[in-house]
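I have placed the structure first, in the form of structure tokens, so that the comments after it can refer back to it.
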4 protein chains.
Amino acid sequence: MSRPDPDPARRNERSRRAILGAALELLAETGYRDLSVEAIAARAGVGKQTIYRWWRGKGAVILDALVDQLTRAGDPALPDTGDLRADLRGMLRATVAEFADPRLSATTRALTIETLSDDDLAGQVRDRLLRPQLTAVRTRLESARRAGQVRPDVDLDQAVELLFGPLYHRWLLRNGPLTDDYADGIVDLTVTAIG
Amino acid sequence: MSRPDPDPARRNERSRRAILGAALELLAETGYRDLSVEAIAARAGVGKQTIYRWWRGKGAVILDALVDQLTRAGDPALPDTGDLRADLRGMLRATVAEFADPRLSATTRALTIETLSDDDLAGQVRDRLLRPQLTAVRTRLESARRAGQVRPDVDLDQAVELLFGPLYHRWLLRNGPLTDDYADGIVDLTVTAIG
Amino acid sequence: MSRPDPDPARRNERSRRAILGAALELLAETGYRDLSVEAIAARAGVGKQTIYRWWRGKGAVILDALVDQLTRAGDPALPDTGDLRADLRGMLRATVAEFADPRLSATTRALTIETLSDDDLAGQVRDRLLRPQLTAVRTRLESARRAGQVRPDVDLDQAVELLFGPLYHRWLLRNGPLTDDYADGIVDLTVTAIG
Amino acid sequence: MSRPDPDPARRNERSRRAILGAALELLAETGYRDLSVEAIAARAGVGKQTIYRWWRGKGAVILDALVDQLTRAGDPALPDTGDLRADLRGMLRATVAEFADPRLSATTRALTIETLSDDDLAGQVRDRLLRPQLTAVRTRLESARRAGQVRPDVDLDQAVELLFGPLYHRWLLRNGPLTDDYADGIVDLTVTAIG
DNA sequence: CCCTAAACGAGACGGTACGTCACGTCTTGGT
DNA sequence: ACCAAGACGTGACGTACCGTCTCGTTTAGGG
């Protein structure tokens, strides 16, 4: 006896943007702890129902906000200069920089929390945010394999995780500084492992 | 104008155990979403104040519960058979098994959530839970380095993270299955990277 | 800057009837508490705006519904058999019966509630529902006065209220049963009072 | 699976008074339409839950507030000067004055509304507010009957309603002015009816 | 008989209040 | 003093309706 799905064609684009914008603002300003649907609605000048009509909760809003932001940021493809080590270093340094930026970091942190107690959302995050990024790296590794820079028996998905895993681990658990040197070290180890 | 610290000597051990036990039970039964201080108190047959008197919040309770559990599980030291690859495989397979066990997994998940918005707690988790585990592995790697199985220029902390990071990444983001094969693959890549 | 009045000539009679019917149905089925413009619209298969276009709110709808119903019921005139007591008894017994009928009772109850916080509506109810009924009785009393059955100094409006007031009081406050005997008793007292 | 009843012994008297006071203030200031549990809680400096813990809704709060007020006002007994007509006139004039006072009137109005869609509350109102008042009048009539001023066959309850009913009717339906003259007229008719 | 302006169904919108839940603090009485 | 119990002020939750406001789509009357 649940409501029928609302009609996306009638959706108010102005409200949608206001909500996503307000969510990002509040996250940056006050952190995840103080982020509430109520606050987002108030900041966006929107009724709460308008949020609940289109999203399952604040987690879903943050996801959309982040996807929106990244979509605007554009192409996740890695450069392919032929120098695998250099290309990966550039990519991982950029990722480190993102994790170090409090603004982006807050969003990712918030999303991770939601993800941990919402399997549905976790799937969405995996598919819409994570996979594209991982795939971009994998594509670069495939090119490297064709160039003979990677052993043919290496599982490329594992290789990708070898790059991101340690970084993610260190960030989440605050188990050490996130620097360019750290990124370079991970790349070196990975290249050695698969080369 | 805060209350003086309570006297730990007069602490009721029965209550402490009941609280930690109730926390673990509820986590296993209903998941983190429905875990509340109120529920823990009710289940433990304890006043809420007794929880707040000794812990800062449910995050701290979970941490203590997990530390308690692991302490009972005993020594985290790795075996040292001389065969680095085999020793690491055993360790990582055990870790994979832990992450796959819903009971332990739920606790870790909950703790990770709390950690993400409580720096204090994050430090505690790092020092009391994470570091001992990482150190145990690092100790094994140092032994391997002395045996000439690891290049002298390798940063052993990074090496440790090369083992746990991918696993943690995959678990948190549900980005693939957690199997013994997967553990073995990570170990192989890591050994190649540092050997 | 308000909308121009809608053109009554173009009004959809089918919708009007559906709305009034739905209102009465819902009142009878679920009571006043659960009566909402939204529910009326849904039940009537009508847009909410169609209700707000023609009525000021649910109170006005109920009023119209009741007027409609009573209009169909027809002429409120009292018989004049010459026997004042008998005529009044007949009238008051009928009124008691109305108040005892759950269907009519629910409507009246709802209308009374709306009336209590809407002066506009109160006036409408007084003029369109109440006055005709009271006037009919007053007319009968005037006839009785001409026949010398009523003292010339009696305020007939007060006399009318002497009949309806106790009944209304008892009904609203559930201060006793509403029976034919009760109606007869009121009539007897009133006739004594004015005779 | 409902909460156990709260323990009245631990009830905070300060909060109780603040809530009842705030309810009466808001009723007088803004009328019933704008009276909300939320507003009462805010005005009283009290959590909403504290209201819902002890009352079923705003209707019950108003009832308690009114009972409290009347209890403080004290003895509802009528004087018994031996002059029935005079005693009743005094009483009915006072009642008219109450209905004419916007402050008291607002409370009664609000209570009547709630009463109409809550049978439980209606019973409470009848027993705690209405009955004592009616009984006081009935007691005076009994005294008058013993004095031979009232016919022995008159149903005294009906006689009481003969006094209050017309007044209540006129007040609720705004069917004419509420003046001392009106009160006197009702008393005269009633005395004639029962004398 | 067609045109066009309205009324229409549907329902999204910014709001307000609902009644519930859990937070972390405070109070009471019991051991 | 610590405890079990639970009332308290606080504030967010997710829902229900309010009355207003678009959306296409009938529909009815004047040209």
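A note on names: the letters A, B, ... follow the listed sequences, proteins ahead of strands, and every chain is numbered from 1.
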Give a yes-or-no answer on whether the side chains of A:Gln124 and A:Arg128 include a donor-acceptor pair shorter than 3.5 Å.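 Looking only at side-chain atoms, A:Arg128 and A:Gln124 do form a donor-acceptor pair, the distance falling under 3.5 Å.
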How many whole angstroms separate atom [atom1] of [X] from atom [atom2] of [N]?
| X | N | atom1 | atom2 | result |
| --- | --- | --- | --- | --- |
| C:Arg33 | E:dC18 | CZ | P | 11 Å |
| A:Arg53 | F:dC13 | CZ | C1' | 17 Å |
| B:Asn12 | E:dG30 | CG | C1' | 14 Å |
| C:Arg14 | E:dA7 | CZ | P | 19 Å |
| B:Lys48 | F:dG9 | NZ | C1' | 12 Å |
| D:Tyr52 | F:dA12 | OH | P | 18 Å |
| C:Lys58 | F:dC17 | NZ | P | 9 Å |
| D:Glu38 | E:dG15 | CD | C1' | 12 Å |

Report the residue (C:Trp54 or B:Val37) whose heavy-atom-nearest nucleotide on DNA chain E is the more 5′ of the two.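 The 5'-side residue here is C:Trp54.
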Which residue lies toward the 5' end of DNA chain E, C:Val46 or A:Pro6, if each is placed at its nearest nucleotide?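 Upstream on the strand: C:Val46.
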E:dG9 phosphate, OP1 or OP2: any side-chain N/O from C:Thr50 under 4.0 angstrom?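 Affirmative; the distance criterion is met.
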For F:dA4 and B:Ser15 - does any side-chain N or O of the residue sit under 4.0 Å from the phosphate oxygens OP1/OP2?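 Affirmative; the distance criterion is met.
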For A:Arg103 and A:Leu27: C-alpha separation, side-chain torsions, deciding distance, then whether side chain to side chain contact (heavy atoms under 4.5 Å, CB included) applies. CA-CA 8 Å; A:Arg103 223 164 221 283; A:Leu27 254 186; over 6 Å; no
Where each residue is assigned the nucleotide of DNA chain F containing its nearest heavy atom, which of D:Gln49 and C:Ala9 is assigned the position nearer the 5′ end?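 On the 5' side of the pair lies D:Gln49.
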Go nucleotide by nucleotide along DNA chain F from the 5' end; which of C:Asp34 and D:Glu13 gets its closest nucleotide reached first?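 Looking at DNA chain F, the more 5' nearest nucleotide goes with D:Glu13.
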Row check, A:Trp54 ring normal vs A:Arg10 NZ/CZ: under 6.0 Å, within 45°: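 Because its charged atom misses either the 6.0 Å distance or the 45° angle limit, A:Arg10 does not stack over A:Trp54.
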May I ask you to verify whether the side chain of A:Arg10 and the base of E:dA12 hold a donor-acceptor pair under 3.5 Å?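 In this structure, the two groups form no donor-acceptor pair.
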Answer with base, sugar-phosphate or nothing: what part of the nucleic acid does B:Gly45 contact at a heavy-atom distance below 4.0 Å?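 The answer is sugar-phosphate, as B:Gly45 gets under 4.0 Å only of primed atoms, P, OP1 or OP2.
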Touch check for B:Trp55, heavy atoms < 4.0 angstrom, all strands: base, sugar-phosphate only, or nothing?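 Nothing, no heavy atom under 4.0 Å.
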What is the distance from atom OG1 of B:Thr112 to atom OH of B:Tyr32, rounded to the nearest 0.5 Å?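 Result: 10.5 Å between the selected atoms.
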Could you check whether C:Glu29 pairs with C:Arg43 (Lys NZ or Arg NE/NH1/NH2 to Asp/Glu carboxylate O, under 4.0 Å)?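 The answer is yes: the pair qualifies as a salt bridge.
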